[in-house]
Amino acid sequence: MSDTPIDGYRPDVVEAKWRARWAERGTNNPDMDHPTRPFYNLMMFPYPSAEGLHVGNMFAFTGSDVYGRFKRLMGYDVFEPIGYDAFGIHSENYALKVGINPAELIPRNIANFRRQLERIGGMFDWRHELSTTDPAYYKWTQWIFLQLFKAGKAYKKKAGVNWCPNDKTVLANEQVEGGRCERCGALVEQRFLEQWFFRITDYADRLLRNLDTIDWSETTRTAQRNWLGRSEGAEIEFPVVAGDSNVERGTRNAEPIRVFTTRPDTLFGATFMVLAPEHPLVAGLTTPAQQAEVVAYVKASMAQDLVSRKVGDREKTGVFTGALATNPATGTRIPVWIADYVLMEYGTGAIMAVPAHDQRDFEFARKFGLQIVRVLAPADSASSALPALSEAETETHGYVLVNSGRFNGLPADEGKSAITAWLAAEDRGNPVVQYRLHDWCISRQRYWGPPIPIIYCDSCGPVAVPEKDLPVILPLIEDFRPDDSGVSPLARHEEWYYVPCPTCGRRARRETDVSDTFLDSAWYYLRYPSTDFDDRPFDPVRTRTWCPVTTYIGGNEHAVLHLLYSRFLGMVLHDLGHLHFDEPFTRFRAHGLIVKDGAKMSKSRGNVVIPDEYIAQWGADTFRMYLMFLGPLQEGGDFRDAGINGPRRFLERVWTLVGEVEAGGELTKEIVVRWHATKKKVAEHIEGLHYNTAIAALMELVNHMKEAGCRDRDMVQDLVVMLAPFAPHFAEENWERLGNQGSVFAAGWPKWDEKLVVSDEIEVPVQVNGKTRSKVRVPRGSDEATVLAAALADPAVQKFVAGKVVRKVVYVPDRLINLVVA
RNA sequence: GCCCGAGUGGCGGAAUGGCAGACGCAGCGGACUCAAAAUCCGCCGGGGGCAACCCCGUGCGAGUUCGACUCUCGCCUCGGGCACCA
């Protein structure tokens, strides 16, 4: 009986005990007002789905938590908040599916998320928990809208928008994938509706430039650069022929057509022009003879959705307007066409078509029998013989201008600047920078979001809701189903819809659109430190103390949307004097994905793993260690539950080790070196988010201790501290078992002695002709002669050197010696 | 099509241009046990050899180097993003 261990490792007991202690003692709550070394450790907050957090979420949260806990041990006051991104189409669609109001559904989901997040042992400061659906939160989302509205950064315009006929709402361009709704997969159509936009394009240049100043994952920065889509080129004016010929043809409008091109070097090859069907000049240009055809084409292309129009491999279509324009370089008269491959929302909505050097123009010219003139040729080709093209020649490197008058012979890139300069001198064009980025459409004709705080008055126009009247509460309505009208269901709720005008007091109507979920999440990091203030969105002192976010970890699926919008809003709020910084996230790292059987986890694949049962069976600490041991945080890993044994066995071993400690024993030099080296190595690995190798280093130390029969108390204690970021409950319990008071997180990361990190005697591999043949033991820092002598004395080396001449010796101190023989 | 990222044992994965396969899983052998589990010890890329050892080996093909998983060039495959953006 007495030899039965009564203190075996019981994760459930240990974890429940420490969850309660942390809550009771406020272990995870930093001093918000007087931190000595504030560190804002942020993880992208989750959308509280009905299914709960899956293993992929747990991987990400734990990854962020390990880092926060590590920083805590390194002596920082770490603020690690958590909240819920609970508004949006996703929640609403689910609510529609199950027929329960999201206002009822969401709190349930949140409760489940909270339970899971507590169970996994996150170092969250629950005092600052938030949900975007809380009026105390969205009051300030509305306030932010008003700041942008007042600053002229929010505006309303009628816009061709992506309309999902199934979700019955407008979608942002970002929510359309391959012509289909990102959420439901329905084919998206084009509709024209009044929409609210934020002027993010005003910030395109700054959003791009600042990318060089922030410490972000390179993949994320690249994604943002591509999304911003900067191109340099020229805007060029093509006069519409106003002379007799056009008058005869019946063209009434002689306003010039402006085009944007990135290839001014090919100007001499522009043999026709194409306008987008929606282009305002189309009506005026069209000749009576072409009228019927043009009108029919415009109508047909408007009926299409915005997205399927943009599918690149479609057969080209278009019609001739009857008008002619003049190529400003050649003076030639060229026909003006309309075609839907030219998009109104990019550039000027009109192009000069250079079929010889642009594939789209080439296809169009082929189909409609338009002229193709080559104006670039390989520098080494005979100028006389230019064969007909079978596809557009888009290469520029090594190409020179031909058929381009006085620019002939110039390399393409020089031609670009020369022609642009000439156009500018002639006042027919100028250099221009274009961005692919569009303004951010923030309105949604839906129910489950913060109402946009605007009131429409017949006499005063659109009026901002006074800030004292915020929040505009989202009313709880029975029928939140969107309909086909293009108007939010809120319009059907009359006592909410009609309000007195804040300016004149007459009966007016509320804006019924709600704002995009991305607006909620674009500023939540600002709210966290200030959730205890209800009279301001973010307290200036708190914000100055904690922001910008020190380290942000999240998924790369938000590389362009959320992260770009947050940056934009940061810039706006900075420029309006609300923030002392304009980049919200100093350091951002994208975590990888957890895959299951080689495939991304998703509901549709049916391979989503729910962590609860694993945590119940193995404990949160084992599960955390297992997830972190799978692979590098930034790369993700393959979830196979067989491997969870490993970390559990390891924790058991450490548990046993703690029970066997003895103080003051003699330590071998070797084990001391390993001990110090591990303290350093693990810290470095965690800092670099290489948690898998950090854990491996701890395992190695334990293996060596067992091998050496070492049960040194100090060493075991350091081991427990180093385990704390990964297995926090376990570490707390063992810290206590070792006789310590208080939290292990107050202990600080174990100090290492730089002199003891490396041993005095080392093994140097000996290579002969680059192949390792032996190793020699020499004192650290030995010079070449010493190591060479030792190497040559080694029989294993002699075997390969005997009878040969050593031509060269490469010696890398303390690393390797290579003998080159022949 | 363009832009990122990645290809290493049966599996997850390690390796500032310097001992390829750390650490772990699975597997095999052994100890303990009436037995099993747990635990502990050993083996564990392929080929050859009784053995000491030797040869081959990091998606494929070249190259740079005393030395290449690592750098360069050209391919192949997979994952992700963008895409009629002028």
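Naming: A, B, ... by sequence-line order, numbering from 1 per chain.
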*Do nucleotides 47-58 of chain B as a string where each nucleotide becomes B, S or -: B if the base has a protein heavy atom under 4.0 Å, S if just the sugar-phosphate does, - if no protein is that close.*
------SSSS--
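- If you measure from atom NE2 of H685(A) to atom C1' of G13(B), you get 13 Å, rounded to the nearest angstrom.
- A salt bridge between E218(A) and R225(A) is present, with a side-chain N of the basic residue lying under 4.0 Å from a carboxylate O of the acidic one.
- Ring pair H558(A)/H562(A) is perpendicular by interplanar angle, where above 60° counts as perpendicular and below 30° as parallel.
- Residue contacts for D340(A): at a heavy-atom cut-off of 4.0 Å it reaches a base atom on one of the strands shown.
- Summarising the base pairing, C66(B) is matched to G18(B) through a Watson-Crick or G-U wobble pair whose two defining distances lie under 3.5 Å.
- Across every strand in view, G29(B) sits in a pair with C41(B) that passes the Watson-Crick or G-U test at under 3.5 angstrom.
- Base contact: N818(A) has a heavy atom under 4.0 Å from a base atom.
- For the C1' atoms, the distance from C60(B) to C84(B) is 35 Å, rounded to whole Å.
- For Q767(A) against G18(B), a side-chain N or O and a base N or O form a donor-acceptor pair under 3.5 Å.
- As rounded to whole Å, 15 Å separates atom P of C66(B) from atom CD of E784(A).
- More than 12 heavy atoms of other residues, nucleotides or ligands shown are found within 6.0 angstrom of CZ on R780(A).
- The distance from atom CD1 of I817(A) to atom C1' of G18(B) is 12 Å, rounded to the nearest whole Å.
- Among the atoms of the strands shown, only primed sugar atoms or phosphate atoms (P, OP1, OP2) are found under 4.0 Å from some heavy atom of R653(A).
- With Y341(A) as the aromatic partner, R360(A) does not meet the cation-pi criteria of under 6.0 angstrom to the ring centre and within 45 degrees of the ring axis.
- In this structure, N692(A) atom CG and A14(B) atom P are separated by 5 Å, rounded to whole Å.
- Below the 3.5 angstrom threshold, one finds no donor paired with an acceptor across the side chain of K808(A) and the base of C66(B).
- Pairs of residues two or more places apart, or lying in two chains, that qualify as side-chain hydrogen bond (donor to acceptor under 3.5 Å, both in side chains) and include a residue from residues 678-688 of chain A are Y67(A)-E687(A), K71(A)-E687(A), K679(A)-D718(A), K680(A)-E754(A), H685(A)-T693(A).
- For G1(B), the paired base is C82(B) (Watson-Crick or G-U wobble, both distances below 3.5 Å).
- Taking the syn range as angles within 90° of 0, the glycosidic angle of G30(B) is outside it, so the base is anti.
- As a whole-Å value, the separation of Q634(A) CD from C4(B) P is 18 Å.
- The separation between N226(A) atom CG and G5(B) atom C1' is 13 Å, rounded to whole Å.
- Among the atoms of the strands shown, only primed sugar atoms or phosphate atoms (P, OP1, OP2) are found under 4.0 Å from some heavy atom of P632(A).
- When the P atom of C85(B) is taken as reference, atom CE of M352(A) falls 15 Å away, rounded to whole Å.
- Summarising the base pairing, G74(B) is matched to C60(B) through a Watson-Crick or G-U wobble pair whose two defining distances lie under 3.5 Å.
- Using bins of under 30°, 30° to 60° and over 60° for the plane-to-plane angle, the ring pair W655(A)/F730(A) lands in the tilted bin.
- In this structure, R649(A) reaches the sugar-phosphate backbone alone: every heavy-atom distance under 4.0 Å involves primed, P, OP1 or OP2 atoms, never a base.
- What separates CZ of F260(A) from C1' of A86(B) is a distance of 8 Å, to the nearest Å.
- Between R674(A) and E700(A) there is no salt bridge, since none of the side-chain N atoms of the basic residue sits less than 4.0 Å from a carboxylate O of the acidic one.
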